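The block underneath contains the structure these notes are about, expressed in structure tokens.
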Amino acid sequence: MPVIQLRSLPADIARTAGTVRFTADVARIACAPPSAVVAAYGAGAVYVCVDRLVYYSHACGRGFALDYPSIAIHAVASSRHADGDAHSESEPHLYCQLDAPFPGTRTRGAESDQSEDDDDDEVPTELFFYPLDDAVLDGLFKAMSECSELNPAPDDSSASEEEEEEASDSDPAILGRIASFDPSAFITSPDHLARLTPEGRAVLAHLESVISASSETGGDAEHGRFDDAPEDAH
């Protein structure tokens with residue numbers, strides 16, 4: 001998940017108004033699972049930029065930036081968040097669910113005996129932005145929705161199709177049929193018909209009936225379609 005920790009406010013935010021679609025002052029920010037990094041931020045501001053979401057605390061001179069594809073869900077909410085913060089109950093806020101852990105998060109159960117592989121499992125992170133003024137939440141949500149649409153997640157469908165095609169091309173069954181192909185199996189003269197099995201004769205009869213029906217229904221419509229154009233009379 002592309003999370004960039006900031007030590008200063010990005011220059012394009014500070015100098016270019018067109019980069020920022022919406023700004024809101026935030027009283028505090030919370031995280032679940034808890035993150036020591038987020039806990040140290042305190043009050044700050046959230047900037048909904050065209051290409052990313054930025055939170056920056058001017059008090060401590062630190063913040064972070066998220067790209068929109070890494071934000072799985074965003075919504076306006078008022079429910080108490082999972083870490084049991086007594087100050088958050090029924091307090092309106094902007095809710096974001098990320099697709100991977102935030103730096104410095106303490107995963108639940110980390111104290112228990114687990115393998116290193118288990119500790120490395122990615123755990124979705126929930127962020128809670130509590131604005132100074134609840135009235136900005138609708139505008140904040142709308143701006144995030146618009147910018148998210150401008151930055152969709154990469155489409156991996158074409159890569160998957162290519163992988164499936166490569167797999168089918170290397171299928172042992174297909175390669176085996178190609179290797180065992182016998183050109184003499186084609187019917188190239190009338191006397192070959194005598195060697196057809198009953199099943200082969202049935203297939204041939206069906207194909208002839210299909211061709212005959214197609215000629216009867218479409219012959220008139222196609223007649224003259226590819227005739228040479230008449231020469232101009234001079």
Side-chain angles (χ1 to χ4, degrees), residues 1-35 37-38 41-58 62-83 85 88 90-105 121-165:
M1 177 188 65
V3 178
I4 302 176
Q5 299 191 55
L6 305 174
R7 295 291 181 179
S8 61
L9 189 65
D12 60 338
I13 294 177
R15 300 174 186 173
T16 309
T19 302
V20 181
R21 293 292 180 87
F22 197 89
T23 304
D25 292 326
V26 175
R28 61 192 181 84
I29 180 175
C31 180
S35 167
V37 175
V38 173
Y41 289 145
V46 60
Y47 301 87
V48 182
C49 303
V50 173
D51 58 346
R52 65 199 186 283
L53 182 71
V54 174
Y55 181 80
Y56 188 77
S57 173
H58 295 276
R62 288 185 295 174
F64 61 86
L66 300 168
D67 65 357
Y68 290 107
S70 69
I71 304 175
I73 301 173
H74 71 280
V76 174
S78 59
S79 60
R80 186 171 183 171
H81 62 70
D83 66 2
D85 186 349
S88 65
S90 300
E91 189 176 348
H93 58 273
L94 177 70
Y95 169 83
C96 293
Q97 183 184 96
L98 311 184
D99 60 3
F102 195 90
T105 54
D121 289 343
E122 292 188 348
V123 177
T125 299
E126 296 175 305
L127 293 176
F128 309 84
F129 300 88
Y130 297 91
L132 289 174
D133 183 2
D134 298 346
V136 305
L137 284 171
D138 288 341
L140 190 58
F141 173 81
K142 181 179 179 181
M144 279 194 65
S145 299
E146 293 174 350
C147 292
S148 295
E149 291 181 358
L150 297 175
N151 298 272
D155 184 7
D156 296 330
S157 60
S158 58
S160 301
E161 291 175 358
E162 291 179 1
E163 292 175 359
E164 291 178 359
E165 185 176 347

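Note that the structure is a prediction, hence the values are computed from the model and not measured.
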- With distance as the sole test, does Ser57 use its side chain to make a donor-acceptor pair with the main-chain N or O of Ala43 at under 3.5 Å? yes
- Query: Backbone N or O of Pro69 within a donor-acceptor pair of the Asn151 side chain at under 3.5 Å?
  - Reply: no
- List in chain and number order the residues that pass side chain to side chain donor-acceptor pair (under 3.5 Å) with Ser148, two or more places apart in sequence or in another chain; answer none if no residue qualifies. none
- Starting from the C-alpha separation in whole Å, work towards a yes-or-no answer on side chain to side chain contact (heavy atoms under 4.5 Å, CB included) for Met144 and Ile71. CA-CA 10 Å; Met144 279 194 65; Ile71 304 175; 4.0 Å; yes
Side chain to side chain contact (heavy atoms under 4.5 Å, CB included) involving [X] - partner list, sequence neighbours excluded:
X	value
Phe22	Ala24, Val48, Val136, Leu140, Ala143
Ala45	Asp25, Tyr47
Val76	Leu137, Phe141
Ile73	Tyr95, Gln97

- Shortest non-hydrogen separation from Pro131 to His93 and the atoms involved: CD-CA, 4.2 Å
- Which atoms form the tightest heavy-atom contact between Val37 and Pro103, and what is the distance? CG2-O, 3.5 Å
- Note on the structure: Taken in chain and number order and not counting sequence neighbours, the residues that satisfy ring pair (Phe, Tyr, Trp, His ring centres under 6.0 Å) with Tyr68 are none
- Sequence neighbours excluded, which residues qualify as ring pair (Phe, Tyr, Trp, His ring centres under 6.0 Å) partners of Tyr56? His58
- Could you tell me the separation between the OH atom of Tyr41 and the OH atom of Tyr55, rounded to the nearest 0.5 Å? 9.0 Å
- Note on the structure: Between the CG atom in Leu94 and the CG atom in Asp138, the distance rounded to the nearest 0.5 Å is 11.0 Å
- Query: Relative to each other, are the rings of Phe64 and Phe102 parallel, tilted or perpendicular (30° and 60° limits)?
  - Reply: perpendicular
- With Arg62, which residues qualify under salt bridge (charged side-chain N to carboxylate O under 4.0 Å, His left out), at least two apart? none
